[in-house]
Novice: 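This is the structure I want to talk about, given as C-alpha cells.
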Amino acid sequence: MKEIQDQGLLQTYLQKHQLELILIEPLRAHLSLYSFAQGETICFKGDPSESLYVLVKGKLKIYTTTAEGKTLIISFKTPLELIGDVEYIQGTELLNTVEAVSPVHMICIPYRWLRKYGQNHPPLLQFLLEIITQKFYRKSDFLSLNLMHPVEVRLASYLLSITYDESDPQFTGQLSTINLVDTANFISTSYRHLNRVIQKFCQQGLTERSKGYILVKDREGLSRLAHRNIYE
C-alpha cells in the first residue's frame, strides 16, 4: 500500500465517479488516496474495520477462508465499489479478505469522520444503501447463473475476470495452477473436471498451460463462450 499525494488525481476521481455531492466538503478534507500493487492484500478477514474504501480504479478479488484453511472466492469487484460498507453499518470486524487483481486505486475514509460528517447526510446514506443492495442482487444473480451455465462458460468467465481489467488495457493477468482448487470451488465444479475443461481450452487454442500458469491466448474466443462476464 502506498499513499498517493496528489490532490488533483483525487479530485479527478471524485468528479469521474460523481462523488462530490455524496462526500460533502467537510468530509473531503479527511480523504486519502492509496495505490495497491497487483496481488497485494488490502485487508484480512477478522481484522478490525476502521475505514471505508472506495474502489476508483482496478479490480479486486473478495474471498474468505475456513477454519480448515480452505479458500472460497466470493466475487470480483470493479469501480465503483465499496469495501467496509457492511462493516461500517453493522459495527463488525472485516467479513472477508480483499486482494488486488490488478493495480488498484482506492479512496480511504476513516469511519470516525464518516460518522461525524456523513451520518445524517441523505445522499451518502442513499449511496450506501444502493451499493449494499447491489451486492445482494449480484450475489443472487451469481448463484443462479452458476447453476444454469455449464462449466465451460463458468471457467471462461472466471478467466476473463482474473486476467483482464477493462479500466487498464495494459493489464494482462494469468491464473496460477496452484490456485486451481480455489478456482474449482468458485465455479462449483470438481478439480478433476476443471482440469479436463482446461485441457479442452488448450486444445481449442483458447488458453495455454505453461510454467505453472494458465495463459489466455484467445480473449475474444473466451468472451464468445462466456456470453457475458457473470462474475462481476
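Predicted model only: the values in this text are computed from it and were never measured.
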Novice: Please examine the side chains of Leu60 and Phe76, heavy atoms only from C-beta on, and report whether any two atoms are closer than 4.5 Å.
Specialist: no
Novice: Is the backbone N or O of Pro123 less than 3.5 Å from a side-chain atom of Gln126, with the two atoms forming a donor-acceptor pair by type?
Specialist: no
Novice: Report yes if the side chains of Lys200 and Gln204 come closer than 4.5 Å at any heavy-atom pair, otherwise no.
Specialist: yes
Novice: Are Leu155 and Val101 connected in the hydrophobic side-chain network, where two residues link if heavy atoms are under 4.5 Å apart?
Specialist: yes
Novice: If hydrophobic clusters are built from ILVMFWY residues whose side chains come within less than 4.5 Å, do Ile4 and Leu31 share one?
Specialist: yes
Novice: Might you point out which heavy atoms bring Leu23 and Leu27 nearest each other, and give the distance in Å?
Specialist: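 So the two residues come closest at CD2-CD2, 3.9 Å.
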Novice: With rounding to the nearest 0.5 angstrom, report the CG to CZ distance, Asn96 to Phe44.
Specialist: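 Interatomic distance, Asn96 CG to Phe44 CZ, rounded to 0.5 Å: 13.0 Å.
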Novice: Just verifying a value: how many Å separate Leu9 CG and Lys16 NZ, rounded to the nearest 0.5 Å?
Specialist: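 With rounding to 0.5 Å, CG (Leu9) is 10.0 Å from NZ (Lys16).
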Novice: What closest approach, in Å, do Thr189 and His193 show between heavy atoms, and which atom pair accounts for it?
Specialist: OG1-CD2, 3.3 Å
Novice: Going only through I, L, V, M, F, W and Y residues with side-chain contacts under 4.5 Å, is there a path from Leu125 to Val54?
Specialist: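 Different clusters.
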Novice: Can you check whether Leu160's main-chain N or O pairs, donor with acceptor, with Arg219's side chain at less than 3.5 Å?
Specialist: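 Side chain of Arg219 to backbone of Leu160, a donor-acceptor pair under 3.5 Å: no, none is there.
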Novice: Can you see whether Asn120 engages Arg115 through a side-chain donor-acceptor pair at a distance of less than 3.5 angstrom?
Specialist: no
Novice: Any side-chain heavy atom of Gln15 sitting closer than 4.5 Å to one from Glu20?
Specialist: yes
Novice: Please round to the nearest 0.5 Å and tell me the distance separating atom CG of Asp218 and atom CD of Glu208.
Specialist: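 Asp218 atom CG to Glu208 atom CD measures 12.5 Å (nearest 0.5 Å).
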Novice: Between the main-chain N or O of Leu95 and the side-chain N or O of Glu87, is there a donor-acceptor pair closer than 3.5 Å?
Specialist: yes
Novice: Checking salt bridge (Lys or Arg N to Asp or Glu O under 4.0 Å) for the pair Glu81/Lys135: CA distance, chi angles, key distance, verdict?
Specialist: CA-CA 9 Å; Glu81 187 57 78; Lys135 288 182 178 180; 3.8 Å; yes
Novice: Any idea which heavy atoms bring Ser51 and Pro110 closest together, and the distance?
Specialist: OG-CA, 3.6 Å
Novice: Using distance alone, with no hydrogens and no angle criterion, decide if Ser49 and Tyr111 have a side-chain donor and acceptor under 3.5 Å apart.
Specialist: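 On atom types as modelled, these side chains qualify, holding a pair under 3.5 Å.
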Novice: Looking only at non-hydrogen atoms, find the nearest pair between Arg28 and Leu14 and report the distance.
Specialist: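 Closest pair (atom of Arg28, atom of Leu14, distance): CD-CD1, 3.6 Å.
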Novice: For Tyr191, is there any backbone N or O sitting under 3.5 Å from a side-chain donor or acceptor partner on Asn195?
Specialist: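 Yes, because the side chain of Asn195 sits within donor-acceptor range (under 3.5 Å) of the backbone of Tyr191.
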Novice: With heavy-atom distances below 4.5 Å as the criterion, would you say the side chains of Thr163 and Leu222 are in contact?
Specialist: no
Novice: To the nearest 0.5 angstrom, please state how far the CG atom of Leu206 sits from the CZ atom of Arg224.
Specialist: 8.5 Å
Novice: Quick check for you: to the nearest 0.5 Å, what is the distance between Leu128 atom CG and His121 atom NE2?
Specialist: 10.5 Å
Novice: For Tyr34 and His105, does a side-chain donor sit closer than 3.5 Å to a side-chain acceptor?
Specialist: no
Novice: Under the 3.5 angstrom rule, does the side chain of His17 hit a backbone N or O of Val56 as a donor-acceptor pair?
Specialist: yes
Novice: Indicate the ring-plane relationship of His30 and Trp113, choosing parallel, tilted or perpendicular according to the 30° and 60° boundaries.
Specialist: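 His30 and Trp113: parallel rings.
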Novice: Are Leu215 and Tyr158 linked, directly or through other ILVMFWY residues, by side chains that come within less than 4.5 angstrom of each other?
Specialist: no
Novice: Can you find a heavy atom in the side chain of Ser32 that is under 4.5 Å from one in the side chain of Glu3?
Specialist: yes
Novice: So does Cys202 get a backbone contact from the side chain of Arg209, meaning a donor-acceptor N/O pair under 3.5 Å?
Specialist: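 Flag not set: sc Arg209 to bb Cys202 has no pair under 3.5 Å.
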Novice: With side-chain contact (heavy atoms from CB on, under 4.5 Å) as the test, pick out the partner of Ile83 among Ile42, Leu52, Ile62.
Specialist: Ile62
Novice: How long is the straight-line distance from NZ of Lys61 back to CG of Asp182, given to the nearest 0.5 Å?
Specialist: 7.0 Å
Novice: Applying the side-chain contact (heavy atoms from CB on, under 4.5 Å) test to Leu82, which of Ile131, Ile107, Leu55 qualifies?
Specialist: Ile131
Novice: Would you confirm whether Lys77, through its side chain, and Lys59, through its main-chain N or O, come within 3.5 Å as a donor-acceptor pair?
Specialist: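 No, because the side chain of Lys77 does not come within donor-acceptor range (under 3.5 Å) of the backbone of Lys59.
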Novice: If you look at every heavy atom in Leu225 and Phe201, which pair is closest and at what distance?
Specialist: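 The answer is CD2-CZ, 3.4 Å.
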Novice: Linking I/L/V/M/F/W/Y whenever any side-chain heavy atoms sit under 4.5 Å apart, do Ile214 and Val151 land together?
Specialist: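 Same hydrophobic cluster.
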Novice: Where is the tightest heavy-atom contact between Gly58 and Pro79, given as atom of each residue plus distance?
Specialist: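 Reported closest heavy-atom pair: O-CD, 3.2 Å.
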Novice: Taking atom types as modelled and ignoring hydrogens, do the side chains of Lys45 and Thr64 form a donor-acceptor contact shorter than 3.5 angstrom?
Specialist: yes
